[in-house]
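Report on one structure; see the data block that follows.
Note on naming: letters A, B, ... go to the chains in the order of the sequence lines (proteins, then strands), and numbering restarts at 1 for each one. For clarity, every value in this text was computed on a predicted model and none was experimentally measured.
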Amino acid sequence: MLKADAVCVGYGEALALSNISFDLGPGELVAIIGPNGAGKTTLVNALARLLPIRSGGILLDGENIARLTPQQLADRGVAIIPEGRRLFTSMTVEENLELGCYRAAARAHKREGLEQAYAMFPILGERRRQISGTLSGGQQQMVAFARALMARPRLLLIDEPSLGLAPVIIKQVFETIARIHATGVSILLIEQNATKALEAAQRAYVLDCGQMIASGTPDELRQRPEIGAAYLGHGH
Amino acid sequence: MSATLFGQSVLSGIFAGSLYALMGLGMSLSWRYLRVINIAHFGLVFLAAYMTYEFAGVRGFSALAVALLLIPLFFMLGVIQQVLILRFNVNEFSSLIVTYGLAIIAEAVIQLIWSADFVRYENRALHGNVEVGTLLLPMADILLVVIAVGLCVATWAAMRFTWLGKALRAGLDNPAIAAAFGVPNQRLLLLVSGFSAALAAVAGVFVALLYTLAPSQILSWLGVVFAAVLLGGLGNPLGLLAAGMLIGVSEAITMAVTAPSWAPVVPFTILILLLVLWPQRV
């Protein structure tokens, strides 16, 4: 479904990502793990077309999307749950969700989408008139998830969903990801919390210093000593 | 002060305040959503006023027809102005200087075509008055209040309830993420600049209906409209309407109890108090 081929992204002279290749099949949940500063968020922003790509191709169902605008990408059914939530903080919870289905194809499903979102996250239904910037971090993450689901995505890009959240909330976040995945949505999960990400994913890639250094199933990756030591905290 | 004088002062304050709000609406929107402090707005207002004078007054076309032609024309002018502002990367504070320059150009163009002399457009259809008890309400002023209140309320409702308004607010909060959900930020901003210039056209028609025109007066509205825009809150049409009325009525009462020359003290006193006591509002 999604295939990146030798993607390079750079800020000025420096390359933030060099020769990144990976693929994600329909309905698959693939994780990209790696330490802080590895280039994970740069990769998400490049995939979402929020950053220019210097070279390489990104194929979505065979179409090269490397030069599309973010709006054109949204029209192709890709939605993002960005790092740090990045809600429309001066707007209400419900307005945030409505913006999720802004594009013409999704608008028709607004009412149904809101009902599903409030069924999934009842607290958001109670707080639909509250300004989203005043919610707790966990609730803001729920809004970010619900907003993306309002777009009825085929492919969901989830960037660091556990960042800055308490362990009990992180557990809920990963349960939510599993529920969304069970409905058939393909998911690319970018996550620093490698332990959690490998529990959730079917396959994973390891990104470090702007390069893909390993890939495989979670079990394979866990068994590789250098990965376990560096990213999973196994030690020795 | 007699009740009639007081009542008439309040009324004339409401009329003036409506015009402040009508002139300020486009400014307020472009300041908030485009980050352009658009002094050229006043140039457009007077250009529309002079065109109303020329086509409805001198050449005898119907004022309504002129207004309906000016609105799309000015919409285009607003879009062109914003395209240039984006093209040359003009930021919020340099926009103050750039658009001031545009206002000066507008003044020069008006002076070139219509001379520096005063001109006056007499509209017979709106010449009459409505009498309510001892109070006198000119028809043109009544129309002004209706249009100004109508446009402010409609703009507020559009920003609050429509897809367009929500997309604009989302784009202001977080343009990249709004784009990722399909919001065409750039096109919406051009729409705002076009709409704001179209509002300048509407305000201009009323300036022509109500005032004697001279090119030197273009920037005489600047201070009071600025005060109303800031007091009302940027991009807040209902706040602007209330602020315009407050300033208009305070000015009118000041004029009635002291002398007309004291009127300009009012908006600036309010503005200074606002900046001192409630700076986060601005």
To the closest 0.5 Å, what do you measure between OG1 (A/Thr69) and CD (B/Gln186)?
11.5 Å
Grab the two heavy atoms, one from A/Arg86 and one from B/Ala176, that are nearest each other, plus how far apart they are.
NH2-CB, 4.0 Å
Could you measure the distance from the CG atom of A/Asn96 to the CZ atom of B/Phe181? Nearest 0.5 Å is fine.
9.0 Å
If we ignore hydrogens and angles and just use 3.5 Å, is the side chain of B/Asp173 paired with the main-chain N or O of A/Ser90 as donor and acceptor?
yes
Interatomic distance, A/Glu95 atom CD to B/Arg160 atom CZ [nearest 0.5 angstrom]:
6.5 Å
Identify the two heavy atoms, one from B/Ala180 and one from A/Leu50, that lie closest to each other, and give their separation to 0.1 Å.
CB-CD2, 4.4 Å
If we only count heavy atoms from C-beta on, is the B/Val183 to A/Tyr102 side-chain gap below 4.5 Å?
yes
Tell me, side chain or backbone of A/Leu99 under 4.5 Å from chain B's heavy atoms, or both, or neither?
both
Identify every side-chain donor-acceptor pair in residues 97-104 of chain B under 3.5 Å, counting partners at least two apart or on other chains, and give the distances.
residue : atom : partner : partner atom : Å
B/Thr99 : OG1  : B/Ile37 : O            : 2.9
B/Thr99 : OG1  : B/Ile39 : N            : 3.0
B/Thr99 : OG1  : B/Ser95 : O            : 2.6

Nearest non-hydrogen partners of B/Ile177 and A/Arg147, listed with the distance
CG2-NH2, 3.6 Å
Heavy-atom closest contact (A/Ala74 atom, B/Gly182 atom, distance)
CB-N, 3.8 Å
Side chain, backbone, both or neither: which part of A/Glu98 has an atom under 4.5 Å from a heavy atom of chain B?
both
Could you state the interatomic distance from CZ (A/Arg103) to CH2 (B/Trp163), rounded to the nearest 0.5 Å?
11.0 Å
Let me confirm one number: the CE-NZ distance from A/Met91 to B/Lys166, rounded to the nearest 0.5 Å.
7.5 Å
Is the shortest heavy-atom distance from the side chain of A/Phe88 to the side chain of B/Leu172 under 4.5 Å?
no
Selection from A/Gly100, A/Ala48, A/Ala79, A/Ala106 maximising heavy-atom pairs under 4.5 Å formed with chain B:
A/Gly100
